[in-house]
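I have placed the structure first, in the form of structure tokens, so that the comments after it can refer back to it.
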Protein chains: 2
Amino acid sequence: MNLYGGQVNKLIEELEGLPGIGSKSAQRLAFHLIGLPEEKVNRIATTMMEARKNVRYCAQCCTLTDKELCPVCANKNRDHSTIMVVESPRDLAAYEKTGRYEGVYHVLHGAISPMLGIGPNDIRLKELIKRLEGDVNEVIIATNSSLEGETTAMYISKLIKPTGIKVTRIASGVPVGGDLEYIDEVTLYRALEGRTEI
Amino acid sequence: MNLYGGQVNKLIEELEGLPGIGSKSAQRLAFHLIGLPEEKVNRIATTMMEARKNVRYCAQCCTLTDKELCPVCANKNRDHSTIMVVESPRDLAAYEKTGRYEGVYHVLHGAISPMLGIGPNDIRLKELIKRLEGDVNEVIIATNSSLEGETTAMYISKLIKPTGIKVTRIASGVPVGGDLEYIDEVTLYRALEGRTEI
């Protein structure tokens, strides 16, 4: 339905293609953009293009950055002998927000998923193995608690164990503040299995 | 927290400023954009800038369009003597989707709201009054059923009535498929007041 003439529709279509943006939000966004001052729209558009052009993988941990090394890897005060393996830069961001992790990271950019045809070579695993040649004491696997995340964790653990480096997995259990009655059985079972003495 | 270096953060901040996009979706969108092929990102950015530059108000009904007249106003088969007054281009789109309205529109771009300090001169009302000098039989007021929408409807109705042109208001009542028990009292009362013989 061509209601507004080609250019508005084209903008709505482009926005609809983005993740989490349905047809209603695309319309709202498009009208919002059209209502903004021209220099502001140009600034947003330029930021998009420049970020796309200049952002790349950190040479060490593979997270996204616009420098050779990301701020975490470039920080000499972090413990570079402890590597936490995560699936995405967003997971890295989540752990950084805790403010309690002193080590560095490795971002896989995905997880092994036979269902989706994603194998070990499709994620940044080779880069992780290469880092183990350096001075590494512990690899903490913090992939998601999904089928793919667990598969990936198992795979990495088997790969690293022969090297003698300590491999750990973050705990699975009841989230803090979580109400037991709303938590699924698998999580409850995991929480029981992983119980510790107090 | 500077996790990714300046350019990724800058992009996330720009996206967070858009309506309906919180900090999590901004992150997800930014990473999605950075993962797209460069020419695709450039195309989206260019579409944004061009739409902003070329889109303007339709010379007749004030909806958004990239031509002098919007497709509805330019269509000679529509009934140009019936004008439906709506608050926004999205409302126009909603009525066009019904496929049952043959007349033309007038988009106010807002509603009168003493609370927000929006008066009759802040919306496209003068343009509507000007159109009434032509050959107009009926003005259908389809502003929202909110306090502002009703205020605007009353105001326009009082303004037009002395000219002798027929002014109508779209019906208020129970939505089709609506379950009475979940509908608010005001709507139920309106539905009762607006009852018709069957």
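The sequence lines fix the lettering, A, B, ..., with proteins before strands; numbering per chain opens at 1. Computed from heavy atoms alone, side chains included, the values below leave out hydrogens, waters and symmetry copies.
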Give, for atom CD of Q27(B) and atom CD1 of I21(B), the distance between the pair rounded to the nearest 0.5 Å.
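Answer for the CD-CD1 pair, Q27(B) versus I21(B), is 13.0 Å.
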Relative to chain B, which of A51(A), P19(A), G35(A) shows the most heavy atom pairs under 4.5 Å?
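Most pairs with chain B among the choices: P19(A).
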Heavy-atom pairs under 4.5 Å with chain A: which of [options] has the most?
options: T47(B), V55(B), L29(B), I44(B); answer: T47(B)
options: R28(B), R52(B), K24(B), M49(B); answer: R52(B)
options: E38(B), R56(B), E13(B); answer: E38(B)

Has Y101(A) got more than 12 heavy atoms of other residues, nucleotides or ligands less than 6.0 Å from its OH?
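Enclosed: over 12 neighbouring heavy atoms sit under 6.0 Å from OH of Y101(A).
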L33(A) vs L18(B) side-chain heavy atoms within contact, under 4.5 Å
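Yes, side chains in contact.
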Side chain proximity check, V136(B) to T163(B), heavy atoms < 4.5 angstrom:
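With C-beta onward as the side chain, the pair stays apart.
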